[in-house]
Every structure is written in C-alpha cells, then in structure tokens.
Amino acid sequence: MIGMLNGVIESVDSRCALICVSGVGYEVYMPSSDLAALHEGQDVKVYTSLQVSQDAVTLYGFTSMPAKRIFLQIQQKVSGVGPKVALSLLSTLNVNRLLQAIADGDITALSSAPGLGKKGAQKIVLELKGSIDVSQLNEDDTSKDSKSYKKEFDESGISKVVDGLMSLGWKQSDAQRAVENVCNSEKIALPISDSDMPNVLRMALAALDRGR
C-alpha cells in the first residue's frame, strides 16, 4: 500500500499531479484546492490512498492527513459512495466545512459537489451524522493546515479573482472552483501575475456562465 509520497511535482493539470519520487512518476488524483497550490518543480509531501477497482488502479492524494482520513471515512461508512464522489466533496468543501455540513445536515452545501445530488447528500448525512470518527482528526493539525492553505491561497492571487467574481454575484465556492480550474487547464503559473488576472477573470466568468 502506498500511504505517502515525498517528491517533486513534475506537472499539474485540472485533475491530477505527476509526482516524481526517486525517478518514478506517480499520477495522483487530488482535490482541486490542493492542485491549485502546487506548481512544477515544487517539493511536496502527499498523503495517499491506493484504490483498486475492477477496471482501474488509482492513487488519490492530499496535502493534509485530516483530508485523507475524511476521504476514507466517507467511503467506509456510506454505502454506494466511492472515491470519485469523496474527492469531489473535498474539492468543493474543505475538511472543516465538510464536517460542519454533515453535522448540520446541510444538504445544499453537500449537494453542491459535482456528481452528488440531493439524494446522495441526504444519504451521507443520514449515515454519517453523529457517527463520523472525528476523534481521529488532530484539531491543531487541521487548524495549522487551514491557516497554511489560506496563506498559500491569498498569495496565489486566486483570492483577488474570486473577489472580483463575487462582486458580480457569484458564490465564493463556485467562483473559487472556476478560477482554480482555469489556472490548471490553461497552465497559468501561480501566483497569478497582474497581467494574467484580467484573462483569468474573463475565462472563469465564461466557464461559470456555461455552467448555468
């Protein structure tokens, strides 16, 4: 079982990162928020989960251990929910927000994850509320991880574009996802330069309009 990788980012796209460890490249599928904070040539530690199905062997990764634990707990405790939906949830909501949504029975927040409808969100709440193993999470690590991500997020320039989209009436979660996807798909280097920001804003806005 591959539980962790410590290597160098070879490339990043909208779905996964190619991580080189001792000359071997591992294709790792990660939440969009994690991918947005990665760049080519960066040294990185990624906590991984190897998932084997009938037609694929896939490696999923996370820059924090709490995110990996929640990813595994969702699959273990909710019947019919696989790694793609669990990853989609963590791409839409960070660990703390995801736990809060489950605890509050916030179907709207959960069902905002691509690939998960309201019935699926209701099932997650029904089977996890009051029973998800939060005790395994280290609150200090989660807090540090959240602060670290916020610092990287602010310094990346993404927050400025997100603020611009929010001023046009878009929700923060939708705006952030659109900007991150544009940066990954167009291979726009982070932090976003002042000259790139208008183009990123335009492309993210176009993507949001298409998704109405």
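Computed from a prediction, not measured in an experiment: that's the story for all the values here.
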For Asn199, what residues pass the side chain to side chain contact (heavy atoms under 4.5 Å, CB included) criterion, not counting sequence neighbours? Arg202, Met203
Of all residues at least two apart in sequence or in a different chain, which pass the side chain to side chain contact (heavy atoms under 4.5 Å, CB included) check with Val21? Leu5, Ile19, Tyr26
Give the cluster check for [X] versus [Y]: same hydrophobic cluster or not, with ILVMFWY residues linked at side-chain heavy-atom distances below 4.5 Å.
X: Tyr29; Y: Val95; result: yes
X: Ile2; Y: Val57; result: yes
X: Leu116; Y: Ile107; result: yes
X: Val8; Y: Leu38; result: no
X: Val28; Y: Leu50; result: yes

From [atom1] ([X]) to [atom2] ([Y]), nearest 0.5 Å:
X: Gln73; Y: Ile70; atom1: CD; atom2: CD1; answer: 4.5 Å
X: Leu128; Y: Ile102; atom1: CG; atom2: CD1; answer: 5.0 Å
X: Glu180; Y: Ile158; atom1: CD; atom2: CD1; answer: 5.0 Å
X: Ile192; Y: Cys183; atom1: CD1; atom2: SG; answer: 3.5 Å
X: Thr58; Y: Glu27; atom1: OG1; atom2: CD; answer: 8.5 Å
X: Gln176; Y: Met166; atom1: CD; atom2: CE; answer: 10.0 Å

A side-chain contact here means heavy atoms from C-beta on lying under 4.5 Å apart; do [X] and [Y] qualify?
X: Thr63; Y: Met30; result: yes
X: Leu93; Y: Leu110; result: yes
X: Ser185; Y: Asp13; result: no
X: Ile74; Y: Leu90; result: no
X: Ser79; Y: Lys123; result: yes
X: Leu89; Y: Val81; result: no

Using every non-hydrogen atom in the two residues, find where [X] and [Y] come nearest and quote the distance to one decimal.
X: Glu10; Y: Glu40; value: O-CG, 3.4 Å
X: Ala101; Y: Ala109; value: CB-CB, 4.2 Å
X: Ala17; Y: Ile9; value: CB-CD1, 4.3 Å
X: Gly164; Y: Leu201; value: C-CD1, 4.5 Å
X: Trp170; Y: Leu205; value: NE1-CD1, 3.4 Å
X: Ala204; Y: Leu165; value: CB-CD1, 3.9 Å

Any donor-acceptor N/O pair, [X] side chain to [Y] backbone, under 3.5 Å:
X: Thr48; Y: Tyr60; value: no
X: Ser88; Y: Pro114; value: yes
X: Lys68; Y: Gly3; value: yes

Verify side chain to side chain contact (heavy atoms under 4.5 Å, CB included) between Met197 and Val161, making sure each step is shown before the conclusion. CA-CA 7 Å; Met197 279 194 184; Val161 185; 4.2 Å; yes
Using a 6.0 Å cut-off, check whether atom CD of Gln122 has over 12 heavy atoms from anything other than its own residue. yes
Test side chain to side chain contact (heavy atoms under 4.5 Å, CB included) on Asp106 and Gln100; report intermediate values, then the result. CA-CA 8 Å; Asp106 190 343; Gln100 193 64 54; over 6 Å; no
With no hydrogens and no angle check, just 3.5 Å: does a side-chain donor-acceptor pair link Ser49 and Gln51? yes
